[in-house]
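Residue numbering restarts at 1 for every chain, and letters A, B, ... go by the order of the sequence lines. Note that these values count all heavy atoms, side chains included, but never hydrogens, waters or copies made by symmetry. All values derive from a computational prediction rather than experimental measurement.
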2 protein chains.
Amino acid sequence: MPKTFGQALRDIRRAKNLSQRELAQKTGVDFSYISKIENDRLPPPAADTIVKICEILDVPPEQLLALTGKVPSEVTETIGTSAAAIQFIRDAQAMKLTEEEWQRLGRQLRRLRR
Amino acid sequence: MPKTFGQALRDIRRAKNLSQRELAQKTGVDFSYISKIENDRLPPPAADTIVKICEILDVPPEQLLALTGKVPSEVTETIGTSAAAIQFIRDAQAMKLTEEEWQRLGRQLRRLRR
DNA sequence: AAAAGAGTTGACTTTCAACTCAACATTTCT
DNA sequence: AGAAATGTTGAGTTGAAAGTCAACTCTTTT
């Protein structure tokens, strides 16, 4: 069973020795909100808020994002404005790619320009 | 200057010889809404509504979607649940891929399983 | 010309995500 | 123990997306 978003967040926050209030204040949300999130009383924050939180906690946002199924607005905008990109994702979806295959594509991506 | 969403929709709808009312009814929205959309009085519909409209009009949704920068929920869910996929898109974004490069990646995608 | 069909417009509504506020409980420090 | 810090909970707010509804006008058909 994978960790819930709340559990994951709590673990990271504790590892960084921050109180809910500190994290909340630096992130710009109410501290009681952090509490509810950590206890999974509310659904995870908006994607952009998650990114902010991760900046404060100084961790990459991908892991937490993936737990929520949400996509940050910068990413949405990237693919949203390209018909070929949307098509690409559609095809990838139909193939049900594994994480390894995505990574392999990532390497091919880098080779694209060489 | 690229076509607006409203212009593009209107062109397609007319090409298919449908009235606003017909399209609206089959799509499940109010006909006055179609009017406003076509005249760009309101922002484009939700991504999933665009997909529905395209089904009724019998055209692939990518072109219209790309005009809006929106992403259908099925696509969001696909990439949203995979950290590697998000990472991939991030990298692609940083590289500012062209449409052709996206298509090239699409071909590599198909070769992935062979 | 009158009726039907098609399109436009302003005002309003509904729904929901994403929180905040205030009060209370629990834990930790001195 | 008392105070300070930290965490939890229920209720309420806010803003924006995504439309609807009713009334009107313009166009076409008979």
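Residue R10(B) has a polar side-chain atom (N or O) positioned under 4.0 Å from OP1 or OP2 of dT8(C). Put simply, K52(B) has no side-chain N or O that comes within less than 4.0 Å of OP1 or OP2 on dA18(D). Within the structure, every side-chain polar atom (N or O) of Q20(A) is placed at least 4.0 Å from both OP1 and OP2 of dA5(D). Applying the 4.0 Å criterion to OP1 and OP2 of dT8(D), one finds that S35(A) has a side-chain N or O inside that range.
Residue Q7(A) qualifies as enclosed at atom CD: its count of foreign heavy atoms under 6.0 Å is above 12.
Looking at heavy-atom distances under 4.0 Å, I34(B) makes no contact with the nucleic acid at all.
Residue A47(B) is the one, among F31(B) and A47(B), whose nearest nucleotide of DNA chain D lies closer to the 5' end (criterion: closest heavy atom).
Using a cut-off of 4.0 Å between Lys/Arg side-chain N and Asp/Glu carboxylate O, R13(B) and E22(B) are scored as not salt-bridged.
Between R13(A) atom CZ and dG7(D) atom C1' the separation is 9 Å, expressed in whole Å.
Ring-plane geometry between F88(B) and W102(A) is classed as tilted, the angle between the planes lying from 30 to 60 degrees on a 0 to 90 degree scale.
In this structure, the separation between CD on Q20(A) and CD1 on I37(A) is 10.5 Å, given to the nearest 0.5 Å.
For S32(B) and dC21(D), a side-chain-to-base donor-acceptor distance below 3.5 Å is present, hydrogens and geometry of angles not being considered. With hydrogens and angles ignored, no donor-acceptor pair closer than 3.5 Å exists between the side chain of R21(B) and the base of dG5(C).
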